[in-house]
Amino acid sequence: IIGFKKCDGSIKIDKNETLKLKENKLNNFSYLGQNSFLFPGTLKENIIFFEKKIDEKRYDEVVNLCKAKEILEKFSRTANLTEDESLKLSEGQKQRICLARTLYSDKSIIILDEALSNIEKSLEKVIINDVLNYIKNKNQTFIIVSHSLKNYEEVDKILVLDFGKIIQVGTHSELKNLEGFYKKNV
């Protein structure tokens, strides 16, 4: 989706040209996929992505949004992922740390591709609602790819795809009242 295929053209969001694809400038994008990757270092370093100057307020906000505070407390902020063999995080915990890193990056476009699939569904719903409320106050665009329809009722727009084609577009309220795939699967 971002740089994996040679493309020509541009991506426009809110009618503003956000990215000229020939330039391959990806500075304003942050992508988080289903497979969580943690870098060698502490959990805090994984969230701040080794930035020299830490924005503690933003750090605390994203840690709380991702419900990652108890993970950091349980595994100590100084536990080194390469040296501490006792540091065993579940896939859901890794996804929450990686989501915190993605949010901390503070990019204008954030793409989550099944990024919370290993998190318990009730917790996923809480995290997504908190994140959506958080980004409403920012000038950010969130693109969420998910098979978990029930947890994304508060998004601005839902696009339902079937074999790569958009078959329905609307809000949760609109789509649940229309005959079709969304109504059948919510």
Side-chain angles (χ1 to χ4, degrees), residues 1-5 7 9-19 21 26 28-37 47 58 60-71 90-186:
I1 187 169
I2 303 173
F4 296 118
K5 291 185 176 181
C7 299
S10 64
I11 295 174
K12 294 183 180 186
I13 295 186
D14 295 330
K15 299 180 185 173
N16 297 316
E17 192 166 282
T18 303
L19 174 69
L21 295 178
L26 301 177
N28 54 349
F29 279 89
S30 186
Y31 172 84
L32 179 59
Q34 181 176 5
N35 298 323
S36 305
F37 181 78
I47 293 171
R58 187 168 79 225
D60 289 339
E61 282 179 323
V62 300
V63 164
N64 288 328
L65 284 171
C66 299
K67 310 303 181 232
K69 189 173 183 175
E70 73 275 3
I71 300 169
S90 71
E91 286 303 312
Q93 289 171 321
K94 289 178 187 175
Q95 285 186 326
R96 287 158 49 198
I97 296 294
C98 290
L99 178 60
R101 176 175 56 222
T102 302
L103 294 174
Y104 185 84
S105 72
D106 206 30
K107 303 296 183 183
S108 59
I109 299 170
I110 295 175
I111 301 170
L112 303 180
D113 186 357
E114 293 290 352
L116 303 178
S117 60
N118 290 312
I119 297 174
E120 169 186 321
K121 293 304 168 202
S122 60
L123 182 57
E124 176 187 10
K125 184 173 183 74
V126 170
I127 291 171
I128 286 299
N129 285 338
D130 288 352
V131 168
L132 291 172
N133 286 328
Y134 173 74
I135 65 166
K136 283 181 183 176
N137 299 323
K138 302 171 99 15
N139 191 21
Q140 288 179 307
T141 298
F142 247 58
I143 299 171
I144 303 170
V145 179
S146 178
H147 288 89
S148 179
L149 301 176
K150 293 182 180 181
N151 287 338
Y152 298 92
E153 297 171 355
E154 301 301 319
V155 298
D156 294 333
K157 188 171 285 190
I158 297 170
L159 284 78
V160 180
L161 286 94
D162 186 25
F163 294 102
K165 295 188 190 280
I166 298 172
I167 59 171
Q168 289 183 290
V169 177
T171 65
H172 169 72
S173 297
E174 293 166 346
L175 292 175
K176 73 176 184 176
N177 292 315
L178 291 175
E179 291 303 319
F181 182 89
Y182 190 86
K183 183 177 181 177
K184 289 177 189 172
N185 290 284
V186 174

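One-based numbering along the sequence shown. Just so it is clear, the values below take in all heavy atoms, side chains as well, and ignore hydrogens, waters and symmetry mates. Quick caveat: nothing in here was measured; it's all calculated off a predicted structure.
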Exercise. What distance separates Lys157 NZ from Leu175 CG, expressed to the nearest 0.5 Å?
Worked result: 10.5 Å
Problem set entry | Step-by-step side chain to side chain contact (heavy atoms under 4.5 Å, CB included) determination, Lys183 to Leu178 | CA-CA 7 Å; Lys183 183 177 181 177; Leu178 291 175; over 6 Å; no
For this session: Walk me through it: do Gln95 and Asn118 pass the test side chain to side chain contact (heavy atoms under 4.5 Å, CB included)?
Result: CA-CA 7 Å; Gln95 285 186 326; Asn118 290 312; 3.2 Å; yes
Exercise. Would a 4.5 Å heavy-atom cut-off, applied to side chains only, mark Ile119 and Lys67 as touching?
Worked result: no
Exercise. Got a second to check how far Ser36's OG is from Arg96's CZ, nearest 0.5 Å?
Worked result: 11.5 Å
Exercise. In Å, rounded to the nearest 0.5 Å, how long is the span from OH of Tyr152 to CG of Asn129?
Worked result: 10.0 Å
Problem set entry | Heavy-atom side-chain contact between Asn64 and Lys69 under 4.5 Å | yes
For this session: Say whether, by atom type as modelled, one donor and one acceptor occur between the side chain of Gln168 and the main chain of Tyr182 under 3.5 angstrom.
Result: yes
Problem set entry | Close side-chain approach of Asp106 and Gln140, heavy atoms under 4.5 Å | yes
Exercise. How long is the span from the CD1 atom in Ile128 to the CG atom in Leu99, to the nearest 0.5 Å?
Worked result: 7.0 Å
For this session: Give a yes or no answer on whether the side chain of Glu124 reaches the backbone of Ser117 with a donor-acceptor pair at less than 3.5 Å.
Result: no
Exercise. Is the number of heavy atoms from other residues, nucleotides or ligands within 6.0 Å of NZ (Lys138) greater than 12?
Worked result: yes
For this session: Examine distances only and state if a side-chain atom of Gln34 and a backbone atom of Asp113 form a donor-acceptor pair shorter than 3.5 Å.
Result: no
Problem set entry | Separation between CD1 of Ile97 and SG of Cys66, rounded to the nearest 0.5 Å | 8.0 Å
Exercise. Which atom names give the shortest non-hydrogen contact between Glu153 and His172, and what distance separates them?
Worked result: O-CB, 3.5 Å
Problem set entry | Where Thr102 and Ser30 come nearest, the two heavy atoms and their spacing | CG2-OG, 3.2 Å
Exercise. Of Val169, Ile166, Ile167, Asn185, which meets side-chain contact (heavy atoms from CB on, under 4.5 Å) against Val160?
Worked result: Ile167
Problem set entry | Arg58 to Tyr104 - nearest heavy-atom pair and separation | NE-O, 2.8 Å
Exercise. Is Lys94 salt-bridged to Glu91, going by a charged N under 4.0 Å from an acidic O?
Worked result: yes
Exercise. Is there a side-chain contact between Leu116 and Ile144, using heavy atoms and a 4.5 Å cut-off?
Worked result: no
Exercise. Passes side chain to side chain contact (heavy atoms under 4.5 Å, CB included), Phe142 versus Leu103? Steps please.
Worked result: CA-CA 10 Å; Phe142 247 58; Leu103 294 174; 3.5 Å; yes
For this session: Please tell me if the side chains of Val186 and Lys176 come closer than 4.5 Å, counting only heavy atoms from C-beta onward.
Result: no
Exercise. For the atom pair CG (Leu132) and CG (Asp156), what is the distance rounded to the nearest 0.5 Å?
Worked result: 8.0 Å
